[in-house]
A.B. asks: 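Below: one structure in structure tokens.
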Amino acid sequence: MRGVDDLTTWRLGVASSGNGLPSKVKVYSPGCAASPHAERDCRCRTFPTRGRANEYIEDQSRIDSDTV
């Protein structure tokens, strides 16, 4: 469905640089809405590149699969 955030998966988003221009990649963890929020109480993180964001998702997914 369009406009519905899938809270069951890891997702990528664009983090604004503050001047309205996209400059970073935001990773949203399962259970967190893809909207601005503090990252201190969840596993969402912001990265300078898409590659680093994807590496983080892979690492966290591996951790999740090891604990199941």
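The basis for the numbers below is simple: all heavy atoms, side chains too, and nothing from hydrogens, waters or symmetry mates. Positions are given from 1, in the same order as the sequence printed here.
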A.B. asks: Would you call the rings of Y56 and W10 parallel, tilted or perpendicular, taking 30° and 60° as the class edges?
C.D. replies: perpendicular

A.B. asks: Quick one: CG on L12 to CD1 on I57, what's the gap to the nearest 0.5 Å?
C.D. replies: 4.0 Å

A.B. asks: Of the options C44, C42, S35, which is the one that meets Y28 in a side-chain contact (heavy atoms from CB on, under 4.5 Å)?
C.D. replies: C44

A.B. asks: Side-chain donor-acceptor pair under 3.5 Å between Q60 and S29, yes or no?
C.D. replies: no

A.B. asks: For a quick test of reading the model, state the closest non-hydrogen atom pair linking A53 to V27 and the distance between them.
C.D. replies: CB-CG2, 3.5 Å

A.B. asks: So does K26 pair up with E39, basic N to acidic O under 4.0 Å?
C.D. replies: yes

A.B. asks: Tell me whether R43 is salt-bridged to D64, with the criterion being a basic N under 4.0 Å from an acidic carboxylate O.
C.D. replies: yes

A.B. asks: Treating R11 as the side-chain partner and T9 as the backbone partner, does any N or O pair qualify as donor plus acceptor under 3.5 Å?
C.D. replies: yes

